[in-house]
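All chains are named by letter (A, B, ...) in the order of the sequence lines, taking the proteins before the strands, and each is independently numbered beginning at 1. What's counted below: heavy atoms across the whole structure, side chains too, no hydrogens, waters or symmetry copies.
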There are 2 protein chains.
Amino acid sequence: MPTITDVCKLAGVSKATVSRVINGTGQVKESTRKVVFDAMETLQYRPNSLAQALANNKSNSIGLILSTFDGNYFGSLLREATNVAHDAGMQLIVTDGRNDTKLEIEAVNSLVDRRCDVIILYSRSLSEQDFADLKARISVPIVVINRCLKDQYSNAVCFDQQFATQLAMNHLLQKGHRDIACISLSLQSQTGQLRQQAYQQTLIEAGIEINPALLVEGDSQLGTGYQCCQKLIESGSPFSAIFACNDDMAIGAIKALHDAGIKVPEQCAVIGIDNEPLGQYIEPQLSSVELPIKAITHAAMQMALALAKGEATSTGTQEFRGKLVVRAST
Amino acid sequence: MPTITDVCKLAGVSKATVSRVINGTGQVKESTRKVVFDAMETLQYRPNSLAQALANNKSNSIGLILSTFDGNYFGSLLREATNVAHDAGMQLIVTDGRNDTKLEIEAVNSLVDRRCDVIILYSRSLSEQDFADLKARISVPIVVINRCLKDQYSNAVCFDQQFATQLAMNHLLQKGHRDIACISLSLQSQTGQLRQQAYQQTLIEAGIEINPALLVEGDSQLGTGYQCCQKLIESGSPFSAIFACNDDMAIGAIKALHDAGIKVPEQCAVIGIDNEPLGQYIEPQLSSVELPIKAITHAAMQMALALAKGEATSTGTQEFRGKLVVRAST
DNA sequence: CTGAAAGCGCTTACAG
DNA sequence: CTGAAAGCGCTTACAG
């Protein structure tokens, strides 16, 4: 590949001059600018980003660490993130933390080694302490998605899990349900814990006794939604509604109910969280709580860009709320 | 961040020595190795990957360009790709071509600028000529997914679209269907064209006249599956089966049939392609053709690694075939 | 076994 | 307006 030196030779100018025309900085006589452009053109020259990054101490890249690539949810996130990055002229470097604390930290390190200007971290497994440690250890700013960090010097965008759960639960309560089962996310994750706690709290506040048999733990996949629902049915404890902590599990649950000959919503109502597009194409259409993943991602990217450009040193935490979407399943 | 120079000072040795212990190359006395390790440890030193890449003319990274992040399909691809990359100690840099020729070429350029060791390109819009041009222009090896390039010097892994379509169509024909509608992918994409052609060809070979009213073009989303199916119903042309060119559209179609009071499979059979997990959780369960996306991605990554390491200069084309998965919808 | 020096491809004060 | 030189943080022959 041609280097700046090749361009220099062909154009008969110094590197400084070529660099100036590449970057549009400083003064360059129009005629020599033309000569340089022509040389770059005929050589098909493109600057080496690595060298630029090294010289500038700035790589024009945003590191993004995801805990998984599953489902529509992360697809939306990635789409939005790549769009914003592209429009800002930044490269997005995506890594999979594979839902594993060690791998996630490893991923952060390698992104730091690559001198990303900022890192966006979506982790299900890292604790608040882990975040604090990371922040103290590395000099690259970090934006955290899906965790509300109280610390005002942190950069985070999150979703009000408690509020979303209340929306779903109150909807079921209003419909007259008292025996409401819950298919939770993994209770290893903070999101899983928060939703499950809010589920219980809402029941308590409604004066309903908690029935442990009606709480089963899934892992957010269709398959566990199905299996968890089967367990609920087999448990023998009666229930007239299921609060599934995400749409995929809700869909799995609906299938299990169908297979057991239980009619939705007549014999059992089902609601999820996420409001995936898919919810509209199953039978019956799924009630859910919209999780504005696009807006959340957008906000995280804006924070990241501000941080990368040095326009801010910390952005605080921005919290988003869902809204109820009622369809035929409740 | 500490640099190699900081380590030198603290350890009282030269950069050459530090470099040797970082990379485990050359001879280093055990005692000085220890001193250097200690220095790196106390400084929390980590080598700057950009500088290493510049000096080595090798970045240890694989560029991956996707045409979209939609759906389970690309999630599987990304998961497999990140896993293989991680295990090989390579970074994966993921970019979204947004299904746009210009953006895809731009993405290739920027990956080349970043000196990726190899690029994997999944494009729906690039023509064979575009691939050839790219290959001629850039010096980084390219692996193409989802295109069967005849050229033996190319690196490609692809899916036998014709065979997959025949599997689905022959299954419907065997079930006695004669009036088979087709909801195609975008006919802008090569995959869309190939499946649609194979659909027609299979009919012709079975001695069935093609009814243009039974062919509608979708764009692979749930929503267009629904709308296309509505169009088919409204067209008035009778049909007893639908061949949807992917599962998402098949699911949309099933919903449209349901809403129109048409029973699946009794009054209309439906089959898709992809064998998404979701297909098992809708009612009725979806028949499909399995598309071994994980194996395909794995093969592409292996090619990429071989190319990146210089173990091969070209790998040729590797073709995969699907297999029929019959469930309740047909 | 270890270090001085040149080089990877860029940028940016500093002179002129 | 332009160029020589130093620097970004590494690696690697080459000497010793």
Side-chain angles (χ1 to χ4, degrees), chain A residues 1-37 39-40 43-61 91 109-117 139-140, chain B residues 1-37 39-40 43-61 91 109-117 139-140:
Chain A
M1 311 214 62
T3 71
I4 199 172
T5 309
D6 300 314
V7 178
C8 292
K9 283 186 198 143
L10 185 57
V13 298
S14 73
K15 292 195 225 173
T17 298
V18 175
S19 178
R20 286 189 198 101
V21 349
I22 292 173
N23 298 295
T25 55
Q27 306 270 46
V28 183
K29 211 203 303 175
E30 188 49 39
S31 58
T32 95
R33 176 189 310 279
K34 170 109 178 47
V35 175
V36 173
F37 262 129
M40 297 201 293
L43 288 172
Q44 295 240 48
Y45 168 77
R46 311 195 100 239
N48 180 327
S49 309
L50 300 176
Q52 288 181 312
L54 190 60
N56 286 323
N57 196 27
K58 189 155 186 351
S59 65
N60 266 304
S61 66
Q91 271 270 329
N109 288 338
S110 106
L111 256 18
V112 172
D113 295 346
R114 269 216 149 54
R115 296 298 183 269
C116 286
D117 301 321
S139 54
V140 178
Chain B
M1 312 214 62
T3 70
I4 199 172
T5 309
D6 300 315
V7 178
C8 293
K9 283 185 196 141
L10 185 57
V13 298
S14 73
K15 293 194 223 172
T17 299
V18 174
S19 178
R20 286 189 197 101
V21 350
I22 292 172
N23 298 295
T25 54
Q27 307 269 46
V28 183
K29 212 202 304 177
E30 189 48 38
S31 59
T32 95
R33 177 190 309 279
K34 171 108 179 49
V35 175
V36 173
F37 262 129
M40 297 201 292
L43 289 172
Q44 296 239 48
Y45 169 77
R46 312 195 97 240
N48 180 326
S49 308
L50 299 176
Q52 289 182 311
L54 190 60
N56 286 323
N57 196 27
K58 190 156 184 355
S59 65
N60 267 305
S61 66
Q91 271 270 328
N109 288 337
S110 104
L111 257 19
V112 172
D113 296 345
R114 270 215 148 54
R115 296 299 183 268
C116 287
D117 300 322
S139 54
V140 178

Exercise. Looking across every strand, which nucleic acid part, if any, lies under 4.0 Å from A:V18 by heavy atom: base, sugar-phosphate, or nothing?
Worked result: nothing
Between A:Y45 and A:V7, the two heavy atoms sitting closest are CG-CG2, 3.5 Å
By nearest-nucleotide position on DNA chain C, the 5'-leaning member of B:R115 and B:E30 is B:E30
Note: for A:S14 and B:T5 on DNA chain D, the residue whose nearest nucleotide lies more 5' is A:S14
Check your understanding: Does a side-chain heavy-atom distance below 4.5 Å link A:N109 with B:R46?
Key -> yes
Heavy atoms of A:I22 and A:M40 approach each other most closely as CG1-SD, 4.0 Å
Smallest heavy-atom separation, A:L43 atom then A:P2 atom, equals O-CG, 3.3 Å
Between B:P47 and B:R20, whichever has its closest DNA chain D nucleotide further toward 5' is B:P47
_Over all strands shown, is B:Q27 touching base, sugar-phosphate only, or nothing at heavy-atom distances under 4.0 angstrom?_
base
Contacts of B:N56 and B:S31 projected onto DNA chain C by closest heavy atom; the upstream (5') one is B:S31
Discussion item. Does any part of the side chain of B:L54, heavy atoms only, come nearer than 4.5 Å to the side chain of B:R115, both counted from C-beta?
Written reply: no
Taking a pair to mean Watson-Crick or G-U wobble geometry with both distances below 3.5 Å, D:dC14 pairs with C:dG3
*Name the nucleic acid region contacted by A:T3, choosing base, sugar-phosphate or nothing; use a 4.0 angstrom heavy-atom cut-off, strictly under.*
sugar-phosphate
Need one value for B:T32: base, sugar-phosphate or nothing, where a base atom within 4.0 Å counts as base even if backbone is also close, heavy atoms only.
sugar-phosphate
Counted 5' to 3', the first and last nucleotides of DNA chain D within 4.0 Å (strictly under) of a heavy-atom of chain B are D:dG9 to D:dA13
Are more than 12 heavy atoms, taken from residues, nucleotides or ligands other than A:N57, located less than 6.0 Å from that residue's CG atom?
no
>> Regarding A:N57, tell me which of base, sugar-phosphate or nothing describes its non-hydrogen contacts under 4.0 Å with the strands shown.
In response: nothing
